[in-house]
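Right, one structure below, let's go through it.
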Amino acid sequence: MKLTEQQWRERLTDEQYRITRLKGTEYPFSGTLLHNEQQGSYHCVCCGTELFSSATKFDAGCGWPSFYQALEGRVSYQRDASHGMERTEIVCSHCDAHLGHVFTDGPQPTGQRYCVNSVSLSFKGTAE
Ligand SMILES: [Zn+2]
């Protein structure tokens, strides 16, 4: 899915645009989904693609929603050497929205920690 910068600006809030299209980062502990413990799925705020399941969410204590696994094929990985750090950026495979970064200090079974901006995600709870 390819939209122009202008189209993204029109469909996203300023904060969503800053983070997902300009690779920004929300303040730690500011995200509305950080302590969300409901069962459900997490979707790309830009295009709606389902990215993460609540079953893989855990509290990493880092201030951002964290998951130990992404849904198969939904997330793409890019080397990020900005800010003097060597990190792996994660983006939505469908629309290239910046999501956050993935680290290798997560819990088992994967050992991965997907550190994601709340702003990049929309949550859909499982119907009760
Ligand atoms: Zn997307």
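All ligand and atom numbering here is 1-based and tracks the order in the structure. Both backbone and side-chain heavy atoms feed into the values below; hydrogens, waters and symmetry mates do not. Just so it is clear, the structure is predicted and the values come from calculations on it, not from any experiment.
Looking only at atom types and distance, the side chain of Tyr68 has no donor-acceptor partner in the side chain of Gln108 under 3.5 Å away.
Aromatic ring centres of Phe67 and Tyr42: separated by under 6.0 Å.
The closest side-chain heavy-atom distance from Cys44 to Cys95 is below 4.5 Å.
Annotation: angle subtended at the Zn ion (ligand 1) by Cys95 SG and Cys92 SG is 110°, to 10°. Here the angle at the Zn ion (ligand 1) defined by SG in Cys44 and SG in Cys47 stands at 110°, rounded to 10 degrees.
Put simply, NE2 on His98 and CG on Asn117 are 5.5 Å apart, with the number rounded to the nearest 0.5 Å.
Taking backbone and side-chain atoms together, His94 has no N/O/S atom less than 2.8 Å away from the Zn ion (ligand 1).
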